[in-house]
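Working notes for the structure below.
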Amino acid sequence: AAKSMGGNRYHYFTQSMQEAVQQRMHMINDLHGALENNQFETVFQPIVDLKTGEICRAEALIRWHHPVHGVINPASFVPLAEDTGLIQAFGDWVFLEAARQAARCRKYIPGFQVSVNISPVQFKNGGINTDVWFAHLKSLELPPQAIVIEITEGLLLEIDESIADQLLALRDAGMEVALDDFGTGYSSLAYLKKLDIDYVKIDQMFVKNLTITEEDRVLCEAMTLMAHKLDIAVIAEGVETLAQLKMLSSFGCDCVQGYYISGPVGDQEFEELLQATHKMELY
Ligand code: C2E
Ligand code: MG
Ligand code: MG
Ligand code: MG
């Protein structure tokens, strides 16, 4: 296609492609040293129980503080980490950070949980080093019940015996499992039951126009009803307004997460938030 646009354009096209490739190579190069140079931070976003108003959970989200480019969001670098195999080490690091935060928060709220995003790639190429994860929990005297694993529908598409075994090992130890970005993929609904999923997280794309478009309202309500029929709790993501929160609550949605409550904050700020407003006035 580039050639048919003529010689000149072909030249510019290849040049910008070259730039893109070079930029990617620089990023990958920087990413290799990011962990040992302490450039990562884990931030935490509260998840609130709609029935009690309590902050019952937090989601751990990774940030990269690049010395030149500033804060880089996971959407930009997680795919690179996946392509280069670095995601295994990063994932182990985030897990430990999440576990540490869970241990700190459990001092105020005994049943508190922290959820961690796990890339499908972490389950491959030798898989998750579950022994290391369990050792972390032990050293923190933290029960596995304090951790929720967030997997995506993409993982269910590629699920094989090895992946199912790893998930089972985490589950058997007592960790809970949430299906992230629910409704955006093409996963078989049969897996919800088969894998004993504890939570579905309704993707923010459905919540965004929830109070504006009939279709999104119907979808959110239907997903909630279906999950509940299967004994699965529902967490809605990307809740930015009181109107969205109220509507989700009227469907029986269990928990909400989003800027209306709070964006992700640093670990200490989260602890302060928890101490100050553990129970929120939602309505
Ligand atoms: P996710 O797991 O679905 O996380 C929710 C994303 O929505 C987060 O973006 C969060 O900051 C953002 N968000 C929260 N509330 C609102 C809201 O009210 N409105 C809007 N518009 N957005 C909201 P973030 O932190 O940029 O993460 C993006 C994705 O990157 C995550 O989506 C997750 O799939 C991935 N990710 C983040 N941290 C990790 C990690 O440690 N490991 C792996 N493997 N993936 C991660
Ligand atoms: Mg998530
Ligand atoms: Mg999500
Ligand atoms: Mg998402």
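As the structure lists them, so they are numbered: ligands from 1, and atoms in each ligand from 1.
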Please answer whether the main-chain N or O of [Y] pairs with a side-chain N or O of [X] as donor and acceptor at a distance below 3.5 Å.
X: Gln257; Y: Val48; answer: no
X: Asn37; Y: Gln39; answer: no
X: Arg57; Y: Gln113; answer: no

Where is the tightest heavy-atom contact between Gln122 and Trp133, given as atom of each residue plus distance?
->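 Smallest heavy-atom distance, with atoms named: NE2-CZ2, 4.1 Å.
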
For the pair Asp267 and Arg104, find out whether any cationic side-chain nitrogen is under 4.0 Å from an anionic carboxylate oxygen.
->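 Counted as a salt bridge, because a side-chain N and a carboxylate O are separated by less than 4.0 Å.
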
Electrostatic pair Glu41:Arg63 at N-O distance under 4.0 angstrom | no

Partners meeting side chain to side chain donor-acceptor pair (under 3.5 Å) with Glu221 (sequence neighbours left out) |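 In terms of side chain to side chain donor-acceptor pair (under 3.5 Å), with neighbours along the sequence ignored, Glu221 is linked to no residue.
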
NZ/Lys193: more than 12 non-hydrogen atoms of other groups inside 6.0 Å |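 Result for NZ/Lys193: enclosed.
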
Does ligand 1 have an atom under 4.0 Å from some heavy atom of [X]?
X: Arg63; result: yes
X: Gln45; result: yes
X: Lys208; result: no

Would you check the N or O atoms of [X], main chain and side chain alike, for any that come under 3.5 Å of an N or O of ligand 1?
X: Gln204; value: yes
X: Asn73; value: no
X: Ile62; value: yes

Where the closest heavy atom to atom 46 (C) of ligand 1 is concerned, which of Asn117, Thr42, Ile72 has it?
-> Asn117

Number the atoms of ligand 1 from 1 as they appear, then name those within less than 4.0 Å of a heavy atom of Val239, with their elements.
-> 18 (O)

Please assess Phe90 against Phe77 for the test ring pair (Phe, Tyr, Trp, His ring centres under 6.0 Å), listing each intermediate value before the final yes or no.
-> CA-CA 11 Å; Phe90 296 180; Phe77 71 86; 7.0 Å; no

Listing residue and atom name, which protein N/O/S atoms are closer to the Mg ion (ligand 2) than 2.8 Å?
-> Glu59 OE2, Asn117 OD1, Glu150 OE1, Asp180 OD2

Do Glu59 and Asn117 have side-chain N/O donor and acceptor atoms under 3.5 Å apart?
-> yes

